[in-house]
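Fair warning: this is a prediction, and the values are worked out from it, not measured in the lab. The figures that follow rest on heavy atoms only: side chains count, while hydrogens, waters and symmetry mates do not. First the proteins, then the strands, lettered A, B, ... as listed; each starts at 1.
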Amino acid sequence: MVLLTHDPIDVAALRAQLEATRHGAILIFEGVVRDNFEGRAVLGLEYEAYPEMALAELEKIVAEVKQRWPGASMGIAHRLGRLGLGETSVVIVTAAPHRAECYEASRHGIEALKARVPIWKKELYADGASWRENTPG
Amino acid sequence: MVLLTHDPIDVAALRAQLEATRHGAILIFEGVVRDNFEGRAVLGLEYEAYPEMALAELEKIVAEVKQRWPGASMGIAHRLGRLGLGETSVVIVTAAPHRAECYEASRHGIEALKARVPIWKKELYADGASWRENTPG
Amino acid sequence: MPVVTLRYFATLRESRGVESEPLTVAEGETAASLYAKLFPREHAGGLRVAFAVNRDYAPPGVVLHDGDELCFLPPLGGG
Amino acid sequence: MPVVTLRYFATLRESRGVESEPLTVAEGETAASLYAKLFPREHAGGLRVAFAVNRDYAPPGVVLHDGDELCFLPPLGGG
């Protein structure tokens, strides 16, 4: 399951998609809005997506994970619109038979999302705003 | 927060301990009871701990993580007693300012737990049971 | 001449002032050359964009065809 | 002579039949030598145990003192 939503992400619903006794490990990654970027105070974020292409790219990531790590499965949800501090912008749930591949697949998911999924983020400051580009790590 | 419990683990409560706007990434690792081990059908597991020492070792792991990855924090909960298929045996919640260290710290947490925390697992089969030793990965 | 649909997001949406528009382009027009024409300031300023045709990544030199949906993707910020 | 408290878990608890017991040991007795005496079958069978004194890991040659809590830890299975 992949989705874009203006509402808070329902992590439990996303995780429930993965329920299967063949999984030994589950990882839930959450990206959370931080209160600063390189020392500058951030009041919130605003996310925007190219929705049709973003969903297609998210589906490709999920399909890649299934192919590269047999037995693994993944679900991804990304928030859009205005988010306050401490809110969750993205959730990636990953399940795999063993923990090593679960960590690899989860990390692949978030790195691929940041590199390829057409979503943009505007940082809101007390005195303005700016589009913020992803950086590795 | 570290805890051993005979009841299902309250993931939301564990995650709530980490709430802070200085965190950019949160990872929740769950170990789930699988329906087989090396092809043999498993009906369930039974976990047993040396509780005082297990809690002390879990506290050491959490302290190590805080020291090694500045700004990171961790909470660990482990189930004890009888668990059925698909039930969650362990939850490790990790928060860190950036995702790279969050993945490293989370992985360190589960590897250290498996290597050092005095907890034992008996696998229950249709025709018997056996104490099952952890293997890497 | 081919008519393509442009989609704009983030800084390019703000710069262009619309989210989407149809545009008639020359035969043989490429994504990269159209970007340079539509966004001369961003092009000169070195904004690194990627190109998507019909909601899939495409190389800068991709030739546009009638009915294509084209998007210039400024640096991503998802996650 | 020192009196120590033994704690048993998992396969060693099942083998010994109790969870805990006080035990009087010789002066200078080490954790490893006591293990070999109490669990000759497991010792001969090559069961790899670790040692904990007062709920902290200790080397096999650690000398036991009066009041110590000693545990032989069979291979772990947490997680």
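One finds the OH atom of A/Tyr50 at 3.5 Å from the CD atom of C/Glu69 (value rounded to the nearest 0.5 Å). To the nearest 0.5 Å, atoms CG (C/Asn54) and CD (A/Glu52) are separated by 11.5 Å. To the nearest 0.5 Å, atoms CG (C/Leu12) and CH2 (A/Trp131) are separated by 10.0 Å.
With a 4.5 angstrom heavy-atom cutoff, A/Lys122 touches chain C only via side-chain atoms. Of the atoms belonging to A/Ala49, it is backbone heavy atoms, and not side-chain ones, that fall under 4.5 Å from chain C. Using a 4.5 Å cut-off between heavy atoms, C/Glu19 does not touch chain A at all. A/Glu48 touches chain C through its side chain: at least one heavy atom from C-beta onward sits under 4.5 Å away, while N, CA, C and O do not. Proximity to chain C (any heavy atom under 4.5 Å) is restricted, for A/Glu57, to the side chain, taken from C-beta onward. With a threshold of 4.5 angstrom between heavy atoms, C/Asp56 approaches chain A through its backbone and through its side chain.
The minimum heavy-atom distance between C/Leu76 and A/Val117, with the atom names listed, is CD1-O, 3.5 Å. For the residue pair A/Pro118 and C/Leu73, the shortest heavy atom distance occurs at CB-CD2, 4.2 Å. Of all the heavy atoms in A/Ser89 and C/Gly79, the pair that sits closest is OG-O, 3.2 Å.
Taking chain A as the reference chain and counting heavy-atom pairs below 4.5 Å, the highest number among C/Cys71, C/Ala52, C/Pro74 is found for C/Pro74.
Taking 4.5 Å as the limit, every side-chain heavy atom of C/Phe9 sits out of range of all side-chain heavy atoms of A/Met53.
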